[in-house]
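Nothing fancy with the numbering, it's 1 onward along the sequence.
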Amino acid sequence: MITGSAGGMFLTDSKEDAEKVRKWSTQSREAAPWYQHEELGYNYRMSNIIAGIVRGQIPYLEEHIAQKKAIWERYERGLADLPVKMNPWDREKSQPNFWLSCMMIDEEAMAPMERGDKDYLYKSEKGKSSPQEILEAISAFGAEGRPIWKPMHLQPMYGNNPFVTVEGNGRGRSNAYIAGSGVDVGADIFKRGLCLPSDNKMTKEQQDVIIEIIHRCFQ
């Protein structure tokens, strides 16, 4: 172990050990389209160089937030005729940074979709769609979207541990249940939601293509 720009370097002649440490140092993320964790990991990727780049962006913070907000608003207008909703926010009491533009498909407009630990299956249906169908369609045009983050209580490394819920102590249940409803909010958002391409460098024309692709998925 020696000092390096990102905090340290691990030297080994074992490929197996190198791959294990590399996985641990990048959040122990499994090979799945969403964030899937079977063991505890870490994130050591904030080097002094990256920190310097971030500091250099601070003077442009307000400009970047305005660009992100414009992207969110264009999605809201462009998808208004579809059975979907953009990630909500309290317009009277809050001012988000619009870091991500996320979309949720209305429950009645969800086409069949199942996710395993690392893979998925979906079926196309007329007038309906699913997050994975939309993500694959976007990817085919060279753009990147992602599933909304998988809740911690559904991660394999936490799934069998007890925790407190709105309705009392639980095991293998969400701490985000709506009281008395039986709705697991986090799991529902993960199932019906996706993160849309929303880089602040995205042009209006590029975003129009994404909006058109999403419309085609519901045809």
Engineer: Please lay out, stage by stage, how Gln206 and Lys201 fare under the test side-chain contact (heavy atoms from CB on, under 4.5 Å).
Structural biologist: CA-CA 10 Å; Gln206 290 171 330; Lys201 297 184 292 296; over 6 Å; no
Engineer: Is Arg115 reaching over with its side chain to a backbone N or O of Trp34, donor-acceptor style, under 3.5 angstrom?
Structural biologist: no
Engineer: Test of understanding: with side-chain hydrogen bond (donor to acceptor under 3.5 Å, both in side chains), list the residues that count as partners of Lys85, not counting sequence neighbours.
Structural biologist: Asp106
Engineer: Looking only at heavy atoms, what is the nearest atom pair of Ile138 and Gly145, with distance?
Structural biologist: CG2-N, 4.3 Å
Engineer: With the 4.5 Å side-chain cut-off for hydrophobic clustering, are Leu196 and Trp89 part of the same group?
Structural biologist: yes
Engineer: Roughly how far, to the nearest 0.5 Å, is CD1 of Ile71 from OG of Ser101?
Structural biologist: 6.5 Å
Engineer: For a quick test of reading the model, state the closest non-hydrogen atom pair linking Pro147 to Pro33 and the distance between them.
Structural biologist: CD-O, 3.4 Å
Engineer: Honestly curious: do Ile105 and Trp72 fall in one hydrophobic cluster under the side-chain, below-4.5 Å linking rule?
Structural biologist: yes
Engineer: Closest approach of His215 and Ile211, non-hydrogen atoms and distance?
Structural biologist: ND1-O, 2.9 Å
Engineer: Under a 3.5 Å distance rule, please check whether Ser94 uses its side chain to pair with a backbone N or O of Pro96 as donor and acceptor.
Structural biologist: no
Engineer: Rounded to the nearest 0.5 Å, what separates atom NZ in Lys68 from atom CG in Leu100?
Structural biologist: 6.5 Å
Engineer: Suppose we screen for salt bridge (Lys or Arg N to Asp or Glu O under 4.0 Å). Which residues come up paired with Glu133, at least two apart in sequence or across chains?
Structural biologist: none
Engineer: Please indicate whether Glu108 has more than 12 foreign heavy atoms, meaning atoms of other residues, nucleotides or ligands, lying under 6.0 Å from its CD.
Structural biologist: yes
Engineer: Hey, any chance Met103 and Tyr120 share a hydrophobic cluster, counting ILVMFWY side chains that come within less than 4.5 Å of each other, even indirectly?
Structural biologist: yes
Engineer: Assess the residue pair Gln36 and Lys118 against the criterion (side-chain hydrogen bond (donor to acceptor under 3.5 Å, both in side chains)); give the C-alpha distance rounded to whole Å, side-chain angles, the decisive distance to 0.1 Å, and a yes or no.
Structural biologist: CA-CA 7 Å; Gln36 178 84 0; Lys118 300 179 183 179; over 6 Å; no
Engineer: Hydrophobic clustering (ILVMFWY, side-chain heavy atoms < 4.5 Å, transitive) - are Val84 and Met113 grouped together?
Structural biologist: yes
Engineer: Tyr122 versus Leu135: any side-chain heavy-atom pair under 4.5 Å?
Structural biologist: no
Engineer: For Glu125, what residues pass the salt bridge (Lys or Arg N to Asp or Glu O under 4.0 Å) criterion, not counting sequence neighbours?
Structural biologist: Lys128
Engineer: Taking C-beta and beyond as the side chain, do Glu212 and Val209 meet within less than 4.5 Å on heavy atoms?
Structural biologist: no
Engineer: Under a single-linkage definition using a 4.5 Å side-chain heavy-atom cutoff for Ile, Leu, Val, Met, Phe, Trp and Tyr, are Met202 and Ile214 assigned to the same hydrophobic cluster?
Structural biologist: yes
Engineer: Nearest 0.5 Å please: distance from the CZ atom of Arg146 over to the SG atom of Cys102.
Structural biologist: 11.5 Å
Engineer: With Glu39, which residues qualify under side-chain contact (heavy atoms from CB on, under 4.5 Å), at least two apart?
Structural biologist: Lys20, Lys23, Trp24, Ser28
Engineer: Count the heavy atoms belonging to other residues, nucleotides or ligands that lie under 6.0 Å from CD of Glu107, then report whether that count exceeds 12.
Structural biologist: no
Engineer: If I take atom OG from residue Ser139 and atom CD from residue Gln132, how far apart are they, to the nearest 0.5 angstrom?
Structural biologist: 11.0 Å
Engineer: For a 4.5 angstrom cut-off between non-hydrogen side-chain atoms, does Met86 reach Leu79?
Structural biologist: yes
Engineer: What closest approach, in Å, do Ala187 and Pro151 show between heavy atoms, and which atom pair accounts for it?
Structural biologist: N-CG, 3.8 Å
Engineer: Looking at side-chain heavy atoms only, is the closest gap between Pro197 and Tyr75 below 4.5 Å?
Structural biologist: yes
Engineer: Any side-chain heavy atom of Ile134 sitting closer than 4.5 Å to one from Phe218?
Structural biologist: yes
Engineer: For residues 47-65, which residue pairs qualify under salt bridge (Lys or Arg N to Asp or Glu O under 4.0 Å), counting only residues two or more places apart or in two chains?
Structural biologist: none
Engineer: Should we count NZ of Lys191 as having more than 12 external heavy atoms under 6.0 Å?
Structural biologist: no
Engineer: What distance do Arg22 atom CZ and Asp17 atom CG have between them, rounded to the nearest 0.5 Å?
Structural biologist: 11.5 Å
Engineer: If we only count heavy atoms from C-beta on, is the Asn87 to Ile148 side-chain gap below 4.5 Å?
Structural biologist: no
Engineer: Roughly how far, to the nearest 0.5 Å, is CD1 of Ile189 from CH2 of Trp149?
Structural biologist: 13.0 Å
Engineer: In chain order, what residues pass the side-chain hydrogen bond (donor to acceptor under 3.5 Å, both in side chains) check against Asp119, with sequence neighbours excluded?
Structural biologist: none
